[in-house]
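Report on the structure given below.
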Number of protein chains: 2
Amino acid sequence: MMDEVILFLLKRGAHREPLETTTIEIADALRISQQTASRRLILLEKEGMVRRVGRLISITERGLKEVESLYAALGAALEKKMRFRFHGRVTSGTRDGRYYLSLKKYKEQIKEKMGFAPYPGTLNIRVPPDEINLRLLLRGKKGELIEGFGIGERTFGRIICYRCRLNGIDGALVFPERSHHGLDVMEVVAPVNLRKKLSLKEGDAVVCDVD
Amino acid sequence: MMDEVILFLLKRGAHREPLETTTIEIADALRISQQTASRRLILLEKEGMVRRVGRLISITERGLKEVESLYAALGAALEKKMRFRFHGRVTSGTRDGRYYLSLKKYKEQIKEKMGFAPYPGTLNIRVPPDEINLRLLLRGKKGELIEGFGIGERTFGRIICYRCRLNGIDGALVFPERSHHGLDVMEVVAPVNLRKKLSLKEGDAVVCDVD
DNA sequence: ATTACTAATTCACGAGTAA
DNA sequence: TTTACTCGTGAATTAGTAA
């Protein structure tokens, strides 16, 4: 099956170029003994999954295919009907959202791509750490692209949007390419003032479903 | 780590709706004993990964998150710079490719999206079975979309293109949404007659790299 | 039919250590 | 420093079987 060691090597890019590492390093990362790391490497080599030259380790075509095959299998199963549901808590935004959404260029594109004129203000929600992977998965999908532009000296970056429903109200998750937020904070826009409409205050729990 | 049992359940859609199965079925599929299947299920249940009601098994939110997390990790590692390299053999196409590429609507869009006017004719290549996963992975990426259209009674479907190099010559892999081919056959278009330019004949090996 | 217990066995692990 | 061997221990597996 899917060996943890090959996953470690993969994360370190051993499928692109030979990786210089030691059995101790692998052991520490995976919380196994050096001996086990050594043994498992030998096994992987015997199975033709990796190739070792001195301290250099690289994942073979065969090994890569194995991983890709697992990845494809997971993808096929997961994406058949993946529900992207985020459980967030309202968090104070900077005033930036309001400013950006007041810009005609953004406003018009959102209207066109998402089908509604955004209320000038974003609702920021903080999702639990275990939903960050879900966010990354979502970002792997193609959303609607809002093009960037320049006004005088300033330039405004691109934004990717995904239609969503926040506590039942249609809106969009927006991911500015240049974001100030960490991966646990997401911004939602909607045709209405979400905070008011839903009587939300700091820390309130919300559910955000992406289509 | 990634338990084979949960992967089995996932493939059978237990994350979408409860799956009716037996420990014997699981054991057979995974080539383990019925006893081991039973024990592992009990363990997964204890860990909160699956829920069991009689013979119905479903993957919990928790379990799904675990899998998604692995999927995201694999994706992040693989897609960092995934080389899509196909090893194909030239296979005879139907004459269809030539016909489609003679249609102005397709021709002009390819010119616009891919940056070259396609030679009217596709090179069909057959890839080995173990590269079909790679093909599926590629199709998961966004390529250039060639819109479909209608002429009188007939309608012509959409085509997805990916820029590629076949034996060093720039071209594009084209995937008509309505294809007559199996998953092991792919079509390549290029600004030149690939068959002639590369002196290819039936069964010749070619390498096709996608950017 | 099933599932899952107990007991026997195999196999993977880490400690110690040589090279 | 490494890596990888041997070996004792314990965990995981299978066989047999009860419910």
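Protein chains get the first letters and strands the later ones, always in sequence-line order, with residue 1 at the start of each.
- Sorted by first and then second residue, the pairs that involve residues 21-30 of chain B and meet side chain to side chain donor-acceptor pair (under 3.5 Å), not counting sequence neighbours, are B/Thr21-B/Glu25, B/Thr23-B/Gln34.
- Residues meeting the ring-ring contact (aromatic ring centres under 6.0 Å, His included) test with A/Tyr99, sequence neighbours left out: none.
- A side-chain donor-acceptor contact under 3.5 Å links B/Arg163 to the backbone of B/Met114.
- Remark: DNA chain C takes part in the stems C:2-19 with D:2-19, each of 3 or more antiparallel Watson-Crick or G-U pairs, criterion distances under 3.5 Å.
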Taking N or O atoms only and anything under 3.5 Å, show me the protein contacts with nucleotides 13-19 of chain C, one pair per line.
unit_1, atom_1, unit_2, atom_2, d
C/dC13, OP1, A/Arg40, NH1, 2.8
C/dC13, OP2, A/Arg39, NH1, 2.6
C/dC13, OP2, A/Arg39, NH2, 3.4
C/dG14, OP2, A/Ser33, N, 3.1
C/dG14, OP2, A/Ser33, OG, 2.7
C/dG14, OP2, A/Thr36, OG1, 2.1
C/dG14, O5', A/Ser33, OG, 3.4
C/dA15, N7, A/Gln35, NE2, 2.8
C/dG16, N7, A/Gln35, NE2, 3.4
C/dG16, O6, A/Gln35, NE2, 3.0

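- For A/Ile42, the side-chain atoms get nearest to D/dC5 when compared with the rest of D/dC5, C/dC5, C/dT3.
- Checking side-chain atoms of B/Ser58 against main-chain N and O of B/Ala14 turns up no donor-acceptor pair under 3.5 Å.
- Under the side chain to side chain donor-acceptor pair (under 3.5 Å) criterion, A/Asp204 pairs with no residue at all, not counting sequence neighbours.
- In this structure, the side chain of B/Arg135 engages the main chain of B/Leu183 through a donor-acceptor pair within 3.5 Å.
- Summarising the geometry, the separation between NZ on A/Lys46 and C1' on D/dA4 is reported as 12 Å, rounded to the nearest angstrom.
- The stretch residues 19-26 of chain B has no heavy atom under 4.0 angstrom from DNA chain D at all.
- Taking atom CD1 on A/Ile57 and atom C1' on D/dT3, their separation rounds to 11 Å, with Å as the unit.
- Here the side chain of B/Arg62 pairs a donor or acceptor atom with the backbone of B/Glu47 at under 3.5 angstrom.
- Here C/dA4 presents its P atom at 13 Å from CG of B/Leu43, a figure rounded to the nearest Å.
- At least one donor-acceptor pair under 3.5 Å links the side chain of B/Asn167 to the backbone N or O of B/Val207.
- Of the possible donor and acceptor atoms, none in the side chain of A/Arg98 sits under 3.5 Å from a partner among the backbone N and O of A/Gly121.
- With hydrogens and angles disregarded, a donor-acceptor distance shorter than 3.5 Å links the side chain of B/Lys113 to the backbone of B/Leu145.
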